[in-house]
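Labels below follow one simple rule: chain letters A, B, ... track the order of the sequence lines, proteins then strands, and each chain is numbered from 1. None of these values were measured; they are calculated from a predicted model.
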Amino acid sequence: MNIIFPDGTVKEFPLHSTGKDIALSISEGLARNALGIIVNDVPYDLSRTIDRDAAIRILTWNDDEGKQIFWHSTAHLMAEALEALYPGVKFGIGPSIEAGFYYDVDLPEGIKISVEDLPAIEQKMKELVKADSMFMRREITWEDAMAFFKEKGDEYKLELLEGLKESEITFYTQGNFTDLCRGTHVPSTGALKYPKLLSVAGAYWRGDSSRKQLTRIYGIAFPKKDQLEEFITLREEAEKRDHRRIGKELELFMISPMIGGGLPIWLPNGTIVRRTLENFLRNEQVKRGYQEVITPHIGNLQLYRTSGHYPYYADSQFAPITVDDEEYLLKPMNCPHHHQIYASKPRSYRDLPVRLAEFGTVYRYEQSGELNGLSRVRGFTQDDAHIYCTDDQLRNEIKQVIEITQKVFSTFGMDVSTRLSFRDDNADKYGGDLSLWERAQKEIQDVADEMGLEYYIGLGEAAFYGPKIDFIVRDAIGRKWQLGTVQVDYVMPERFQLEYTGADNAKHRPVIIHRAPFGSMERFLSILIEHYAGNFPFWIAPIQLSILPISEEQHEYARELTVMFESMGYRVKTDLRNEKISRKVAESEQKKIPYAIVIGKREQEMRQVSVREHGVGNIGSKSLEEIQQVFASLMID
RNA sequence: GCCAAUUUAGCUCAGUGGUAGAGCAGCUCACUCGUAAUGAGCAGGUCGCCGGUUCAAGUCCGGCAAUUGGCUCCA
């Protein structure tokens, strides 16, 4: 048979050769490192025979598919260890994930696993690695498979099998452990040299909160020791960037149980950072014809009945407040308020687009287990705006809001992925006319294409009133969060009976764009803190420069410089304590202040400053004019 | 909300049933100093909250709360 390699070369192999044979024909090293083989786009075990001509690709650790095979095999390895240590354990599913794997297990009555038990399981896994058992694939009839798991009493596998009646069923066995599994697996457990179990969590069977909660164990594994060590180091580094930790160290924000979980308090330093970002966006919006408005924190419940948010989202709102027989809601979103502003006077097509912007604080009842630092909170401020425009203007307006969103992310150098969030087939989830939806989705995708955005489509991710473009970023430990969003809405204009008079003197419905480049100030700040690891650029830093006199003789010069920089609008901290200069420098560095201005006898006499850049070190002496120029160049206008 | 863990001084953390500890921060004193932490002293606690077991509880048991890692949900 002919085997076609990725580079296009064709080689003749005997019928029923295996992936291993093919790898060996190239080199022994490759055969040793190979984890699997892609045969005509289907992943095969290396030991599986190939029975006809095929295009192949050998997978190693350097391929993502190779890593998936490696981690999925490690999930089986862990399962074998669990079965040895906890006889009677039942298994749900155990897939590989982006970084590692997990297995959901149902432990025998009365047995619980916590992180403290992980080392023992890990130890057992290492023993099984040494045993170097082959992963053996076996095709089996559905009936035999059912019989096997009935005998074992594993109702989860039986349920999975119910869904596989029409498919080919395969079992994999390594050592004493047999699992229902599609594959693919590494040749033997000996390859899975450096496993590491990471955490334990509860996970509902099949993701359904009405069903039993299983124990999920997360882990990862590497072929080489230094890779595992590097992984552990990276995790430790990431923990140091955690915004909750840096937020405390730099006194940016706090959360007080006395005020309430998920209701963050902005401390003076954090307020500076947040206001600086708000002013940055405010300026950009003024340049683009936005008008800023302010609306109250609560609104009549009737407003949210009209919008359709209540009772649809009643579960995730704070309960209504009753006053004078009227019910009010802490506002879960700003849009209905803005719609009232639009509707407050007759609008002409000549007035459109109307762009109403507000840093509007909203309150949502998030489940207690979901709260997380600044990332997931119950009270947060959206950099919200609603653009009311004609159908003809829609395209340009979408373009402009994408552009302002990109401006935000590029200013901070953040990596974002872009998702077009469209509707799925479940019509109940959405409001409004299907044809309008299709038009809006097409409009969004066309603009995205036109602007050359790299995106993926998320079916079923749309809001109930329309499709969205969502901008998604990762935090320090790799979790994904949605930040900016752009949403097209044909439903609310209808519900609120919004109108404008057209050139034809007839009434028309505007279309609304909801947009928030930062998304939520709280969440954006959480990501920004981790992005910079607290080392904010000069224009954002809560304290921009410290002035550090070497001895008391320079205190007067220090005060003079303080007044000078403060009058120029810079945020200055002057350290007149009776401490050694190295101590003052150390503390300035720890507070991540971008510049330390050191002044001693020499600087005072020559009316200069010695400049130390945070994270860089001493960059030499400068005249007052020079340092002013440096600072001016670091500000964003 | 569910599963698991955690909660001790302002911060980071020791403390496995017998008189609550350390480092840093704070305060006082001395040192007047050239680019990442000068030294000495002092002060600081309802051991998350409520209840139980015990001669005795920070420690064991139960409940509650908050936080953390996940699950579910997310306009």
Does [X] have any ring-ring contact (aromatic ring centres under 6.0 Å, His included) partners at least two apart in sequence or in another chain, and if so, which?
| X | value |
| --- | --- |
| A:Tyr342 | A:Tyr388 |
| A:Phe536 | none |
| A:Tyr328 | none |
| A:Tyr304 | none |

For a quick test of reading the model: is some side-chain N or O of [X] closer than 4.0 Å to OP1 or OP2 of [N]?
| X | N | answer |
| --- | --- | --- |
| A:Arg479 | B:G69 | yes |
| A:Arg376 | B:C74 | no |
| A:Asn372 | B:G69 | yes |

If you measure from the [atom1] atom in [N] to the same atom in [M], how many Å do you get, rounded?
| N | M | atom1 | answer |
| --- | --- | --- | --- |
| B:C13 | B:U7 | C1' | 13 Å |
| B:C47 | B:U59 | C1' | 10 Å |
| B:C64 | B:G1 | C1' | 16 Å |
| B:G48 | B:A65 | C1' | 8 Å |
| B:A22 | B:G15 | C1' | 10 Å |
| B:U35 | B:U46 | P | 43 Å |
| B:G44 | B:G70 | P | 41 Å |
| B:G34 | B:G39 | P | 16 Å |

Take atom [atom1] of [X] and atom [atom2] of [N], then tell me their distance rounded to the nearest Å.
| X | N | atom1 | atom2 | result |
| --- | --- | --- | --- | --- |
| A:Glu366 | B:G1 | CD | C1' | 13 Å |
| A:Lys584 | B:A37 | NZ | P | 15 Å |
| A:Glu613 | B:U35 | CD | P | 18 Å |
| A:Tyr103 | B:C71 | OH | C1' | 18 Å |
| A:Asp575 | B:A36 | CG | P | 15 Å |
| A:Lys591 | B:A25 | NZ | P | 11 Å |
| A:Arg577 | B:G26 | CZ | C1' | 12 Å |
| A:Gln590 | B:G23 | CD | C1' | 14 Å |

Looking for any heavy atom pair under 4.0 Å, which part of the strands does [X] touch: base, sugar-phosphate only, or nothing?
| X | answer |
| --- | --- |
| A:Glu461 | nothing |
| A:Arg216 | sugar-phosphate |
| A:Gly373 | sugar-phosphate |
| A:Gly600 | base |
| A:Glu239 | nothing |
| A:Arg244 | sugar-phosphate |
| A:Tyr218 | sugar-phosphate |
| A:Tyr465 | sugar-phosphate |
| A:Ile581 | sugar-phosphate |

- Where the side chain of A:Ala586 is concerned, which of B:A36, B:A75, B:G69 is the nearest nucleotide?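 Between B:A36, B:A75, B:G69, the one nearest the side chain of A:Ala586 would be B:A36.
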- Message: Side chain of A:Lys468, heavy atoms from C-beta onward: which of B:A75, B:U32, B:U67 has the nearest atom to it?
- Response: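 So the nucleotide nearest the side chain must be B:A75.
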- Message: Assuming nearest nucleotide by heavy-atom distance, tell me which of A:Gly262 and A:Gly207 is located more 5' along RNA chain B.
- Response: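 Between the two, 5'-proximity favours A:Gly262.
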- Nearest-nucleotide 5' precedence on RNA chain B, A:Ile550 against A:Arg206: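 Per heavy-atom nearest nucleotide, the more 5' residue is A:Ile550.
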Please report whether the ring centroid of [Y] lies less than 6.0 Å from that of [X].
| X | Y | answer |
| --- | --- | --- |
| A:Tyr570 | A:Phe538 | yes |
| A:Phe464 | A:Tyr430 | no |
| A:Tyr595 | A:Phe631 | yes |

- Task: List in chain and number order the residues that pass side chain to side chain contact (heavy atoms under 4.5 Å, CB included) with A:Ile404, two or more places apart in sequence or in another chain; answer none if no residue qualifies.
- Result: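 Here the qualifying residues are A:Leu281, A:Glu284, A:Gln285, A:Arg288, A:Arg515, A:Pro517.
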- Using the test side chain to side chain contact (heavy atoms under 4.5 Å, CB included), find all partners of A:Glu116 that sit at least two apart in sequence or belong to another chain.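 Testing A:Glu116 for side chain to side chain contact (heavy atoms under 4.5 Å, CB included), a comparison that skips the adjacent residues, returns A:Ser114.
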- Message: For A:Ile220 versus A:Trp71, what's the shortest heavy-atom pair and its separation?
- Response: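 Distance-wise, the nearest heavy atoms are CG1-NE1, 3.5 Å.
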- Query: Could you give all pairs that pass the salt bridge (Lys or Arg N to Asp or Glu O under 4.0 Å) test and reach residues 585-601 of chain A, with sequence neighbours left out?
  - Reply: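 Counting only pairs at least two positions apart or across chains, the salt bridge (Lys or Arg N to Asp or Glu O under 4.0 Å) contacts touching residues 585-601 of chain A are A:Arg577-A:Glu587, A:Arg583-A:Glu587, A:Glu589-A:Arg612.
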- Between the side chains of A:His514 and A:Asp384, does any donor sit under 3.5 Å from an acceptor?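 The criterion, which ignores hydrogens and geometry beyond distance, is not satisfied for A:Asp384 and A:His514.
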- Query: With a 3.5 Å cut-off and no angle check, do the side chains of A:Ser316 and A:Glu366 form a donor-acceptor pair?
  - Reply: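 Per modelled atom types, A:Ser316 and A:Glu366 side chains form no pair under 3.5 Å.
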- Message: Do A:Arg216 and A:Tyr102 form a cation-pi contact, if we require the NZ or CZ to be under 6.0 Å from the six-membered ring centre and within 45 degrees of the ring's axis?
- Response: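 Because its charged atom sits under 6.0 Å from the ring centre and within 45° of the axis, A:Arg216 does stack over A:Tyr102.
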- Examine the base of B:A75 for any acceptor or donor lying under 3.5 Å from a partner atom in the side chain of A:Ser316, and report the outcome as yes or no.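 Check passes, donor-acceptor contact within cut-off.
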- Message: Does A:Gln487 contact B:A75 through a side-chain donor or acceptor facing the base, at a distance under 3.5 Å?
- Response: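 Side chain to base: no pair below 3.5 Å.
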- Salt-bridge contact A:Glu461-A:Arg423 (side-chain N to carboxylate O under 4.0 Å):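 Answer for the salt bridge query: no.
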- Item | salt bridge (charged side-chain N to carboxylate O under 4.0 Å, His left out) against A:Glu327, all qualifying residues, sequence neighbours excluded |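 Once residues adjacent in sequence are excluded, A:Glu327 has no partner under the salt bridge (charged side-chain N to carboxylate O under 4.0 Å, His left out) criterion.
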- So what is the 5' to 3' dot-bracket string for RNA chain B, if pairs are Watson-Crick or G-U wobble with both distances under 3.5 Å, crossing pairs use [ ] and | means the partner sits on another strand? (((((((..((((....[..)))).(((((.......))))).....(((((..]....))))))))))))....
- Query: Base, backbone or nothing for each nucleotide of nucleotides 2-12 of chain B, written B, S, -, heavy atoms under 4.0 angstrom, 5' to 3'?
  - Reply: BBSS-----SS
Polar pairs (N or O, both sides) under 3.5 Å between protein and nucleotides 38-49 of chain B?
from: B:U38; atom 1: OP1; to: A:Arg583; atom 2: NH1; distance (Å): 3.0

Atom pairs under 3.5 Å: protein N/O with N/O of nucleotides 58-61 of chain B:
none

- Item | Candidates A:Tyr156, A:Trp205, A:Tyr103 - the one meeting ring pair (Phe, Tyr, Trp, His ring centres under 6.0 Å) with A:Phe91 |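 Of the listed options, the one satisfying the test is A:Tyr103.
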- Task: Tell me whether A:Tyr313 is stacked on the nucleobase of B:A75, counting only the six-membered base ring and applying the 5.5 Å and 30° thresholds.
- Result: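 Yes, A:Tyr313 stacks on the base of B:A75, since the ring centres sit under 5.5 Å apart and the planes are within 30°.
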